*Asks:* 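Pasting a structure here, questions to come.
Here is the naming used below: chain letters follow the sequence lines, and residue numbers restart at 1 for every chain. Because the structure is a prediction, the values reported are computed rather than measured.
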Number of protein chains: 2
Amino acid sequence: MARASIHNRQDSLERALQLFWQKGFHATSLKDLEKALDMRPGSIYATFGSKDGLFQEALERYSRLGLVELERTFQAYESPLAGLAAYLRGLGGICDKELPSRACMLVKSLLELGEREQAARDKAEELLAGMEVLFIDRFSAAQRAGELNSRLDPVLLGRRLQAEIMGLRAFAQRDVDSATVHALAEDMAQSLEAMRAEEVADTI
Amino acid sequence: MARASIHNRQDSLERALQLFWQKGFHATSLKDLEKALDMRPGSIYATFGSKDGLFQEALERYSRLGLVELERTFQAYESPLAGLAAYLRGLGGICDKELPSRACMLVKSLLELGEREQAARDKAEELLAGMEVLFIDRFSAAQRAGELNSRLDPVLLGRRLQAEIMGLRAFAQRDVDSATVHALAEDMAQSLEAMRAEEVADTI
DNA sequence: GATAAAATTGAGTAATCATTCAAGTTTATC
DNA sequence: GATAAACTTGAATGATTACTCAATTTTATC
């Protein structure tokens, strides 16, 4: 029948993801991808269709893995607010990890891509919207659990948290000490925890 | 003697700035610049040296104009804290303005540029550091004026504000309503104002 | 108007870009 | 081992990239 793919598709995609995350869409050439994937142009195009298509698949993979880690963090904490704070504190250590970039790949893409890469741009938008929903859900859960004053707006809080994370990670892209980013994340986490209602709200 | 430059240097630089801010460094081609500046390659290179050099000058202009607006906002308010809050609220209207991009050009550059554009990257870093200093100064002034609890760290607050602004503007780059960004900025401004010490601290 | 300095032009460079496809290689099934 | 399907190869494509430079045009001064 057929020849088994010597290059695992997921593995190739992961390598492409690392490269795109580090260098961005425009600065990543097909030559770079050929080297990173150890594949010749024909194979790359047969497998992924186009540079643009490969990039979009990389975006989806990035987002999927990010969501998994997010959910995993949430599940480790019974309190929704504690889960969100823990996620922020985890991001404080982003400089200590060996990552292709400290900035979020979705944000990098959102800021880099223009009309000529509309499809990929839309993809990044869509995936960011998905993340936003998750944050909002957590704040809603916190509210249901009585952790949060019922007058606060989970939608606003979710968006604010997303903006805060975007900012933290963009800031971390600067040439700054790990300790600085840790302190920043800790400060953000404390702001979040300060929203915790002192007493569980009475349900009349 | 000489022929007077028909293209005002500042004017050309402004056009280049608009283009670079909108499309980023890599996606802006010399063809694009030729059209926007109405200059032929020879003139561009005689005037600015290289695409990279032109970009760095554009970065500097962007930062200079940004700093002017920042200082102007601060001077309009006697209270440092009120000035910072007003700047944040002003950013809430960023979607209503016709700008090349809602995201900060320095942040876009920081996230886009790699080792191959090290000089421009360093320039963006340096200019961001300059902005950070301004924010820190304002928080220090607020502390001296007794607006801020003396136990708070102006350095941390300044960095946090910069991260928050980076986040707000990156978020505003998403396909969101103007009202959403206004609400986000208002929320951030209120957080800032909530730091105001209720009473002026006693100077023992 | 002659001269010279400065500014501009635009065709041309070599390199790189994403992409294609005919030919070759590998593998599964008979 | 023959067949066929799947996969890989890599030279070639035409477009685009940043950049150069000899020739030209413009302007200031005399």
Side-chain angles (χ1 to χ4, degrees), chain A residues 1-17 19-59 109 112-121 123, chain B residues 1-17 19-59 109 112-121 123:
Chain A
M1 276 278 254
R3 171 172 168 185
S5 191
I6 60 167
H7 291 98
N8 183 286
R9 199 179 197 282
Q10 292 292 321
D11 188 65
S12 298
L13 193 53
E14 175 61 27
R15 289 169 199 267
L17 160 56
L19 207 56
F20 277 131
W21 186 6
Q22 182 191 79
K23 308 187 70 173
F25 178 78
H26 288 114
T28 302
S29 73
L30 231 85
K31 271 252 144 50
D32 295 330
L33 289 165
E34 287 172 43
K35 203 185 296 181
L37 309 193
D38 189 30
M39 287 168 81
R40 262 36 66 195
S43 280
I44 297 178
Y45 277 82
T47 310
F48 299 105
S50 67
K51 182 189 174 186
D52 204 89
L54 175 53
F55 183 78
Q56 287 179 53
E57 282 201 52
L59 272 186
S109 303
E112 183 192 356
L113 301 179
E115 292 174 4
R116 280 170 58 170
E117 306 87 18
Q118 191 64 53
R121 208 192 128 89
K123 178 69 69 181
Chain B
M1 276 282 251
R3 170 177 171 182
S5 190
I6 61 168
H7 291 99
N8 182 286
R9 199 180 198 280
Q10 290 293 322
D11 188 65
S12 297
L13 192 54
E14 174 61 26
R15 289 169 199 269
L17 160 57
L19 206 58
F20 277 131
W21 187 6
Q22 183 193 80
K23 308 186 70 174
F25 179 78
H26 289 113
T28 302
S29 72
L30 232 86
K31 270 255 145 50
D32 294 330
L33 289 165
E34 287 172 40
K35 203 185 295 182
L37 308 193
D38 190 29
M39 287 169 81
R40 262 35 66 192
S43 280
I44 298 178
Y45 278 83
T47 310
F48 298 105
S50 66
K51 183 190 173 185
D52 205 88
L54 175 52
F55 184 78
Q56 287 180 53
E57 282 201 51
L59 272 187
S109 303
E112 184 193 354
L113 301 179
E115 292 174 6
R116 280 170 59 170
E117 306 88 18
Q118 191 64 51
R121 208 191 127 90
K123 178 69 70 180

*Asks:* Send over the distance from B:D52 CG to D:dC19 P, rounded to a whole Å.
*Replies:*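 It is 8 Å, rounded to the nearest whole Å.
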*Asks:* Under 4.0 Å between a side-chain N/O of B:S43 and OP1 or OP2 of C:dT9, yes or no?
*Replies:*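 Result: yes.
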*Asks:* Round to a whole Å and report the spacing from CD of A:E34 to C1' of D:dT8.
*Replies:*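 These atoms are roughly 12 Å apart.
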*Asks:* Tell me which pairs pass salt bridge (charged side-chain N to carboxylate O under 4.0 Å, His left out) where either residue lies in residues 22-31 of chain B, with sequence neighbours left out.
*Replies:*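 Every salt bridge (charged side-chain N to carboxylate O under 4.0 Å, His left out) pair that includes a residue of residues 22-31 of chain B, provided the two are not neighbours, is B:K23-B:D32.
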*Asks:* If only side-chain N and O atoms of B:Y45 are considered, is one of them under 4.0 Å from the OP1 or OP2 phosphate oxygen of D:dT20?
*Replies:*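 Indeed not, no polar side-chain atom of B:Y45 lies that close.
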*Asks:* How many Å lie between CZ on A:R40 and C1' on C:dA18, as a whole number?
*Replies:*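 After rounding, the gap between these two atoms is 17 Å.
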*Asks:* For the pair made of CD1 in B:I44 and P in D:dT20, what is the distance, rounded to whole Å?
*Replies:*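 B:I44 atom CD1 is separated from D:dT20 atom P by 13 Å.
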*Asks:* Would you list the pairs meeting ring pair (Phe, Tyr, Trp, His ring centres under 6.0 Å) in which at least one residue belongs to residues 25-48 of chain A, sequence neighbours left out?
*Replies:*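 Found A:F25-A:F55.
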*Asks:* What residues form a side-chain contact (heavy atoms from CB on, under 4.5 Å) with B:R121, not counting sequence neighbours?
*Replies:*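 Counting only residues at least two positions away or on another chain, B:R121 forms a side-chain contact (heavy atoms from CB on, under 4.5 Å) with A:Q173, B:L113, B:Q118, B:E125.
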*Asks:* Let me know, please, whether A:K51 or B:G42 comes out on the 5' side of the other along DNA chain C by nearest nucleotide.
*Replies:*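 Closer to the 5' end of DNA chain C: B:G42.
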*Asks:* Could you name each residue pair satisfying side chain to side chain donor-acceptor pair (under 3.5 Å) that touches residues 49-58 of chain B, not counting sequence neighbours?
*Replies:*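 Qualifying pairs: B:R9-B:E57, B:D52-B:Q56.
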*Asks:* What residues form a side-chain contact (heavy atoms from CB on, under 4.5 Å) with B:Q22, not counting sequence neighbours?
*Replies:*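 Partners of B:Q22 under the side-chain contact (heavy atoms from CB on, under 4.5 Å) test: B:P100.
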*Asks:* Specify the separation, in whole Å, of atom CZ of B:F20 and atom C1' of D:dA18.
*Replies:*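 After rounding, the reported distance stands at 11 Å.
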*Asks:* Under a 4.0 Å heavy-atom cut-off, which of residues 25-33 of chain B touch DNA chain D?
*Replies:*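 Residues of residues 25-33 of chain B under 4.0 Å from DNA chain D: B:T28, B:S29, B:L30.
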